[in-house]
Every structure is written in structure tokens, then in C-alpha cells.
Amino acid sequence: MTTRACPCGLPESYDACCGRFHSGAAAAPTAEALMRSRYSAFVRQDAGYLLRTWHPRTRPARLDLDPAMRWTGLEILEASAGSAFHTTGTVTFRASYRGGSLHERSRFERVDGAWVYVDGDFLE
């Protein structure tokens, strides 16, 4: 077990936050929670989790992550729908990395009750 802070920016340990989603012990209850867990998976180079949480309709066959990429922070700018009462949701965020940032509005849907990433639009 680790007590290190979760990369997603919430004030919990990785194990209590996104780690439980990555391990399969729990499923992300909202689109925002899934987005945060996917960011943490990018930080931790967990391509398996990223692929498992990608909509089957838009999922790539494989995902090659750059081991030199250093993610440095996540800022949630807006979340729309995506709760336990919705079947779709969007999350607008800015993910910073060494040398720049990525600004995206991501779309999420429920598939068999679980939130999955569909696609996104790059902003700015």
C-alpha cells in the first residue's frame, strides 16, 4: 500500500482514490471520476486501464505511451451530466505536462453500467 497523493489532484492517497479503479476493486461512479482515473493512468503509464475504459466503438487496437512524458497536474474546468443518474457526460479539463498543456472536452458514456471514454475535442 502507498500513502502517496493521487496524481489526479484530489487530496486522497492513490490507493484510496484512482488506485482502486486501476486495480479493478471499484468502478468510477461518475464521468469526472473516470476522467481523473484516466489521467492518473497516463501518469502511471497504465495502458491496460486506459484501453479497458475506452468505448469499444472508438478504442484503438493498442496504445503506445511515451515513457519520457511527464504529466504535472490536472485541472477540471467543467463537468456536465455524468452522474449516477445520467448515461452520458462531458468533462472539460487541462492536463499539464513538462513543456505544455492539453486542453480537452471529453465525452463519456455508460456501457453495461460502467463509464467509458468515447472521444474528445482539443480546445484552444
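Fair warning: this is a prediction, and the values are worked out from it, not measured in the lab. Only heavy atoms go into these numbers, but all of them, side chains included; no hydrogens, no water, no symmetry mates.
- Contact of the C8 side chain with the C17 side chain is registered, since non-hydrogen atoms from C-beta on lie closer than 4.5 Å.
- Using a 4.5 Å cut-off between side-chain heavy atoms of Ile, Leu, Val, Met, Phe, Trp and Tyr, with links allowed through other members, L74 and L123 fall into different hydrophobic clusters.
- Residues satisfying the salt bridge (charged side-chain N to carboxylate O under 4.0 Å, His left out) criterion with R98, sequence neighbours excluded, are absent altogether.
- Across every non-hydrogen atom of F21 and P29, the tightest pair is CZ-CD, 3.8 Å.
- Within the 3.5 Å criterion, the main-chain N or O of G73 finds a donor-acceptor partner in the side chain of Y39.
- Here the side chains of I76 and F93 are in contact, with some heavy-atom distance below 4.5 Å.
- The side-chain hydrogen bond (donor to acceptor under 3.5 Å, both in side chains) search around S40 returns none, not counting sequence neighbours.
- To the nearest 0.5 Å, atom OG1 of residue T53 and atom CE of residue M35 are 10.5 Å apart.
- A search for side-chain contact (heavy atoms from CB on, under 4.5 Å) contacts involving F42 returns L50, L65, W71, not counting sequence neighbours.
- In this model, no donor atom of one side chain and acceptor atom of the other lie less than 3.5 Å apart for T88 and R107.
- Remark: V116 pairs with H55, V111 by the side-chain contact (heavy atoms from CB on, under 4.5 Å) rule, at least two apart or across chains.
- Looking at P60 and L51, their side chains come closer than 4.5 Å, going by heavy atoms from C-beta outward.
- R57 is listed as a side-chain neighbour of V118, based on a closest heavy-atom distance under 4.5 Å.
- Rounding to the nearest 0.5 Å gives a distance of 12.0 Å between CD of E109 and CG of L34.
- Within the structure, salt bridge (charged side-chain N to carboxylate O under 4.0 Å, His left out) contacts touching residues 63-73 (residues at least two apart or in different chains) are R62-D64.
- Residue pairs meeting the side-chain hydrogen bond (donor to acceptor under 3.5 Å, both in side chains) criterion with at least one member in residues 22-36, sequence neighbours excluded, are Y14-H22, E32-R36.
- Taking T92 as the reference, R105 meet the side-chain hydrogen bond (donor to acceptor under 3.5 Å, both in side chains) condition, with sequence neighbours excluded.
- Note on residues 80-97: pairs passing salt bridge (charged side-chain N to carboxylate O under 4.0 Å, His left out), not counting sequence neighbours, are E75-R94, R94-E124.
- Applying the ring pair (Phe, Tyr, Trp, His ring centres under 6.0 Å) definition to pairs two or more places apart or across chains, those involving residues 101-124 are W54-Y117, F108-Y117.
- By the salt bridge (charged side-chain N to carboxylate O under 4.0 Å, His left out) test, E104 is found to be paired with no residue, residues two or more places apart in sequence or in another chain being considered.
- Under the side-chain hydrogen bond (donor to acceptor under 3.5 Å, both in side chains) criterion, Y49 pairs with S37, not counting sequence neighbours.
- For S83, the side-chain hydrogen bond (donor to acceptor under 3.5 Å, both in side chains) partners at least two apart in sequence or on another chain are H86.
- L77 and L102 sit in two unconnected hydrophobic clusters of ILVMFWY residues. Membership requires side-chain heavy atoms under 4.5 Å apart, directly or through other members.
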